[in-house]
Amino acid sequence: MTINTRVRIPDGLWTGLKKLGINAHDLVRKAKMPLTVITEPVVTVDQYYALWQAYSDIIGDMEVGMLQLPTVFETTQYPPSVLAAYHARDYRDALERMTRYKEMCPPEKLRIMEEDTNCVIELEWFDTEHTGPPLLVGTTLAFLLELGRRGTGYSIKAKSVEFTHSFDQVQALEEYFGCPIHIGAKRNSLTLQRDDLNRPFTSYNADLLEILTPVLEQTLEEQQHSHSITEIVKWILKRNLTGERLDIQDVASELGMSERTLQRRLTNEETSFKELLKEARHEQARQYLANPALDIKEVAFLVGYKDQSSFYRAFRSWEGETPLNWRAEHALINELN
């Protein structure tokens, strides 16, 4: 696993969910994740999948659910990578930009194949052993069609849609995509009329693309070459403090390396797994305590302590005072500022 398997949740997702009557806090709690992902929306792949599974569990009707977000998602809330696709020259240009910049936002990736009169867009996974939940698959394919419809202003219909998963009902899907839905297939794909790719986008904005494209290309390059192992390990730990996977073996496995290799690389950066775990807990504890809506017992759980007394002892060793005193002082400082 590389640093590219960090997944950034689009800010517009929370807005879209709110329009559907789904509270972000409820969704995050159901996914058993730290509440900080709402304000720091970068998660691991497993957590990203857990969010989508929680969304699926909340809405109940998966077939209808996968069509809701693409249609309520405001274009003004698109992340820069999708914004560049929305303001592309035509549908082909948009899909090519989506495919390229999707590399910055795993876990799914896109592959476009133009053959005869067809254009097949296949959804694949960076980690083929851990494929995404059905709701994520359907939402992604629906969004690709929605992008074409919004950009061209034309009600584009698909020729066929394939899902590896099975669904109880496909009528809503067939009505939206305007074509037969094939379930239990060997791939997840959206097949379009190739001629539809030539349709110009009424949302085309050359000036905006001239600004966005260099920034996205630079971001893509930097993402592929930056980040220290210390930063990566601490980030993984922060995203898993409430779970059971806090051993160095688990983190090493997630990074695709042996425990010995991880220990050596951390030593080279003059730190250790134990030190990073302490730092992760300390930093998250301060952030949680700054939120008066969370009681001390809940903060202790969120940073990985099974009992409140253990958290108290640890916090005193970090700050030299109790969590309650620290919170009171922090609140006073904020009032004075």
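Bear in mind the structure is a predicted one, so any value in this text is a computation, not a measurement.
Within the 3.5 Å criterion, the main-chain N or O of Thr230 finds a donor-acceptor partner in the side chain of Glu269. Side-chain N or O atoms of Arg281 include none that pairs as donor or acceptor with a backbone N or O of Phe315 at under 3.5 Å. One N or O on the side chain of Asp295 and one on the backbone of Lys297 form a donor-acceptor pair closer than 3.5 Å. Between the side chain of Ser189 and the backbone N or O of Val161 there is no donor-acceptor pair closer than 3.5 Å. Not a single donor-acceptor pair under 3.5 Å links the side chain of Asn118 to the backbone N or O of Val120. In this structure, Thr140 contributes its side chain and Leu136 its backbone to a donor-acceptor pair below 3.5 Å.
Side-chain contact check for Asn198 versus Asp90: every heavy-atom pair is 4.5 Å or farther apart. The shortest side-chain heavy-atom distance between Leu110 and Tyr101 does not fall under the 4.5 Å cut-off. Counting heavy atoms from C-beta on, the side chains of Leu144 and Leu95 come closer than 4.5 Å. Under the 4.5 Å side-chain criterion, counting only non-hydrogen atoms from C-beta, Leu266 is not in contact with Glu275. Between Glu298 and Tyr288, every side-chain heavy-atom pair lies at or beyond the 4.5 Å cut-off. Using a 4.5 Å heavy-atom threshold, the side chains of Arg111 and Thr99 count as separate. Considering only heavy atoms from C-beta on, Glu319 comes within 4.5 Å of His282 through its side chain. Residues Lys238 and Thr36 form no side-chain contact, since every pair of their non-hydrogen atoms from C-beta on lies 4.5 Å or further apart.
For Thr267 and Arg264, the side-chain atoms include no donor-acceptor pair closer than 3.5 Å. In this model, no donor atom of one side chain and acceptor atom of the other lie less than 3.5 Å apart for Asp46 and Thr44. A donor-acceptor contact closer than 3.5 angstrom is absent between the side chains of Glu96 and Tyr91. A side-chain N or O of Gln171 and one of Glu175 form a donor-acceptor pair less than 3.5 Å apart. A donor-acceptor contact closer than 3.5 angstrom is absent between the side chains of Glu329 and Asn325.
A distance of 4.5 Å separates OH in Tyr55 from CD in Gln68, rounded to the nearest 0.5 Å. Atom CG in Leu69 sits 5.5 Å away from atom CG in Leu20 (nearest 0.5 Å). One distance of note links CD1 of Ile296 with CG of Leu324; it measures 4.5 Å at 0.5 Å rounding. One finds the CD1 atom of Ile248 at 8.5 Å from the OG atom of Ser272 (value rounded to the nearest 0.5 Å). Interatomic distance, Thr213 OG1 to His87 NE2, rounded to the nearest 0.5 Å: 11.5 Å. Here the SG-CD1 distance, from Cys179 to Ile181, works out to 4.5 Å after rounding to the nearest 0.5 Å.
Follow the hydrophobic side-chain contacts under 4.5 Å out from Phe143 and you reach Tyr154 in the same cluster. Both Met98 and Leu208 are part of a single hydrophobic cluster, where members link through side-chain heavy atoms under 4.5 Å apart.
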Intermediate values then yes/no, side-chain contact (heavy atoms from CB on, under 4.5 Å), Thr117 and Asp195: CA-CA 7 Å; Thr117 61; Asp195 288 345; over 6 Å; no
CA sep, side-chain torsions, deciding dist, call: Leu294, Leu35, side-chain contact (heavy atoms from CB on, under 4.5 Å): CA-CA 10 Å; Leu294 299 174; Leu35 296 176; 3.8 Å; yes
Derivation of the side-chain contact (heavy atoms from CB on, under 4.5 Å) call for Arg97 and Leu209: CA-CA 11 Å; Arg97 289 175 184 272; Leu209 288 177; 3.9 Å; yes
Leu289 and Arg286: CA distance, side-chain angles, deciding distance, side-chain contact (heavy atoms from CB on, under 4.5 Å) verdict: CA-CA 5 Å; Leu289 286 170; Arg286 288 173 60 98; 5.9 Å; no
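Nearest heavy-atom pair, Tyr49 versus Pro133, reported as atom, atom and distance to 0.1 Å: CD2-CD, 3.6 Å. Residues Arg150 and Thr71 approach most closely at NH2-O, 3.0 Å, considering heavy atoms. Smallest separation of non-hydrogen atoms from Pro107 and Val7: CD-CG2, 3.8 Å. Here the closest heavy-atom approach between residue Ala314 and residue Ser317 is recorded as O-OG, 2.5 Å. Among all heavy-atom pairs drawn from Ala142 and Pro70, the shortest one is CB-CG, 3.9 Å. In this structure, Leu147 and Ala85 approach most closely via the heavy-atom pair CD2-CB, 4.1 Å.
In this view, Glu114 and Arg92, Arg194 satisfy the salt bridge (charged side-chain N to carboxylate O under 4.0 Å, His left out) rule, not counting sequence neighbours. Residues passing the side chain to side chain contact (heavy atoms under 4.5 Å, CB included) test with Lys18, sequence neighbours excluded: none. Partners of Tyr86 according to the ring pair (Phe, Tyr, Trp, His ring centres under 6.0 Å) rule, which considers only residues two or more places apart in sequence or in another chain, are Tyr78.
Taking the centre and axis of the six-membered ring of Tyr176, the NZ or CZ atom of Arg149 falls inside the cone set by 45° and 6.0 Å.
Look at Glu217 and Arg100 and you find a salt bridge, because one of the NZ, NE, NH1 or NH2 atoms lies within 4.0 Å of a carboxylate O, short of that distance. Ion pairing between Arg29 and Asp26 fails under the 4.0 Å rule for side-chain N and carboxylate O.
Each of Arg8, Gln53, Glu108 was scored for a side-chain contact (heavy atoms from CB on, under 4.5 Å) with Tyr48, with one residue passing: Glu108.
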